[in-house]
Amino acid sequence: GSPEDGVSLCCPGWSWPPTPGLRLAHGTTTLAFRFRHGVIAAADTRSSCGSYVACPASCKVIPVHQHLLGTTSGTSADCATWYRVLQRELRLRELREGQLPSVASAAKLLSAMMSRYRGLDLCVATALCGWDRSGPMLFYVYSDGTRLQGNIFSVGSGSPYAYGVLDRGYRYDMSTQEAYALARCAVAHATHRDAYSGGSVDLFHVRESGWEHVSRSDACVLYMEFSGSAP
């Protein structure tokens, strides 16, 4: 994530002064995958502006509804704004229809709203993770209107490293503890290789009963544990 537009997700009273014409490199590692016991979402917690770590403990997995989470990658201000809009629209839809909105309809709604601003430097890439009448569901949505359904998505500069771990260890019929370990391992290894990812690893689990924040663990400690180099 990047607070370059004057917004920090973890420090509400703090802002990064924007500089006209300055484009700062930024990155992150977020991932999500479906398995038989729900949907796992995980992310690092480092927010960066170029070589500057703006916040080491930001939140990149955002609750959208009682049964729906979204990972955030891109510009922090854009992600926070569009998630607030989506939260409002889903709440209104629930009140009108008397039932929880499906994950597919939430992804379609977000895609349609953001696609109207294509070409205006909007930067939002998210994996929407939820459980509805169809069971565990996962969609990738990008700010140009792209919408994809799948079993595994990783987004951000650290995603190639995360995919390497996920592709080797993913199975749909994993146990819950195996899924937790796989998600932590993938993000921890990405933070070790990607300079823009770091801090801690946030882990969330979406079940039929709703979502829960499972843990926040130090990424460096996790990497040492998974690589077998712990003291």
Side-chain angles (χ1 to χ4, degrees), residues 28-46 57 59-73 100-104 106-107 125-141 148-156 158-194 197-231:
T28 187
T29 301
T30 67
L31 62 86
F33 58 83
R34 292 173 66 236
F35 74 123
R36 64 176 178 169
H37 298 296
V39 185
I40 298 296
D44 76 307
T45 63
R46 174 179 291 173
C59 300
K60 299 180 184 179
V61 182
I62 298 180
V64 179
H65 210 285
Q66 66 191 60
H67 71 307
L68 184 62
L69 294 170
T71 65
T72 61
S73 179
L100 293 177
S102 68
V103 183
T126 179
L128 286 176
C129 319
W131 191 306
D132 56 25
R133 295 176 297 277
S134 301
M137 302 292 289
L138 178 60
F139 285 84
Y140 168 77
V141 181
L148 302 171
Q149 182 178 358
N151 288 329
I152 304 175
F153 291 113
S154 182
V155 186
S159 61
Y161 310 109
Y163 269 127
V165 176
L166 291 172
D167 288 343
R168 181 184 61 194
Y170 173 77
R171 302 189 329 274
Y172 186 81
D173 62 348
M174 284 185 293
S175 69
T176 298
Q177 292 305 315
E178 287 174 330
Y180 290 173
L182 178 62
R184 291 186 181 115
C185 182
V187 178
H189 277 76
T191 62
H192 182 70
R193 295 296 180 184
D194 176 44
S197 302
S200 301
V201 178
D202 270 336
L203 180 65
F204 287 76
H205 186 180
V206 185
R207 304 174 184 268
E208 186 175 6
S209 57
W211 61 265
E212 64 172 307
H213 184 201
V214 178
S215 65
R216 170 171 283 195
S217 309
D218 185 279
C220 184
V221 172
L222 284 177
Y223 176 78
M224 289 190 295
E225 291 177 355
F226 285 118
S227 63
S229 56

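Since the model is a prediction, treat every value here as computed from it, not as a measurement.
- The CG atom of Leu68 sits 11.5 Å away from atom CD1 of Ile62, with the distance rounded to the nearest 0.5 Å.
- Between the side chain of Tyr170 and the backbone N or O of Arg34 there is at least one donor-acceptor pair closer than 3.5 Å.
- Side-chain contact between Arg171 and Phe35 is absent, with no heavy-atom pair separated by less than 4.5 Å.
- Thr29 approaches Gly158 most closely through the heavy-atom pair OG1-CA, 3.2 Å.
- Taking 4.5 Å as the limit, every side-chain heavy atom of Tyr163 sits out of range of all side-chain heavy atoms of Leu31.
- Looking at residues two or more places apart in sequence or on another chain, you find no salt bridge (Lys or Arg N to Asp or Glu O under 4.0 Å) involving Arg193.
- Screening Thr45, Asp44, Asp202, Thr72 against Lys60 for a side chain to side chain donor-acceptor pair (under 3.5 Å) leaves a single residue, Asp44.
- Contact between His67 and Trp211 at its shortest, heavy atoms only, is N-CD1, 4.4 Å.
- Note: Leu203 CG to Arg216 CZ = 11.5 Å, rounded to the nearest 0.5 Å.
- Within the model, atoms OG of Ser209 and CD of Gln66 stand 10.0 Å from one another, a figure rounded to the nearest 0.5 Å.
- With no hydrogens or angles considered, no side-chain donor-acceptor pair links Thr191 and Arg46 at under 3.5 Å.
- Across all their heavy atoms, Gly130 and Val39 have their closest contact at O-CG2, 3.7 Å.
- The backbone N or O of Phe226 sits nowhere less than 3.5 Å from a side-chain atom of His189 that would complete a donor-acceptor pair.
- Across every non-hydrogen atom of Ala32 and Cys129, the tightest pair is CB-SG, 3.5 Å.
- Contact of the Thr71 side chain with the Phe153 side chain is not registered, since no non-hydrogen atoms from C-beta on lie closer than 4.5 Å.
- Using a 4.5 Å heavy-atom threshold, the side chains of Leu138 and Asn151 count as separate.
- Taking the six-membered ring where tryptophan is involved, the planes of Tyr223 and His192 are essentially parallel, since the angle between them stays under 30° and well short of 60°.
- Within a 6.0 Å radius of CD in Glu208, other residues, nucleotides and ligands contribute 12 heavy atoms or fewer.
- Once rounded to the nearest 0.5 Å, the distance linking NE2 of His37 with CG of Asp173 reads 8.5 Å.
- In this structure, Met174 and Ile40 have side chains that are not in contact, with every pair of non-hydrogen atoms separated by 4.5 Å or more.
- Within the model, atoms SG of Cys59 and NE2 of His213 stand 7.5 Å from one another, a figure rounded to the nearest 0.5 Å.
- Judged by distance alone, with hydrogens and angles left aside, the side-chain atoms of Trp131 form no donor-acceptor pair with the main-chain N or O of Val103 at under 3.5 Å.
- Of all heavy-atom pairs spanning Val61 and Ala43, the tightest one is CG2-CB, 4.0 Å.
- The two residues Val64 and Gly70 have their closest heavy-atom pair at CG2-N, 4.0 Å.
- Counting heavy atoms from C-beta on, the side chains of Thr126 and Val155 never come closer than 4.5 Å.
- With values rounded to the nearest 0.5 angstrom, Ser154 atom OG is found 11.0 Å from Phe33 atom CZ.
- Under the salt bridge (Lys or Arg N to Asp or Glu O under 4.0 Å) criterion, Arg36 pairs with no residue, sequence neighbours left out.
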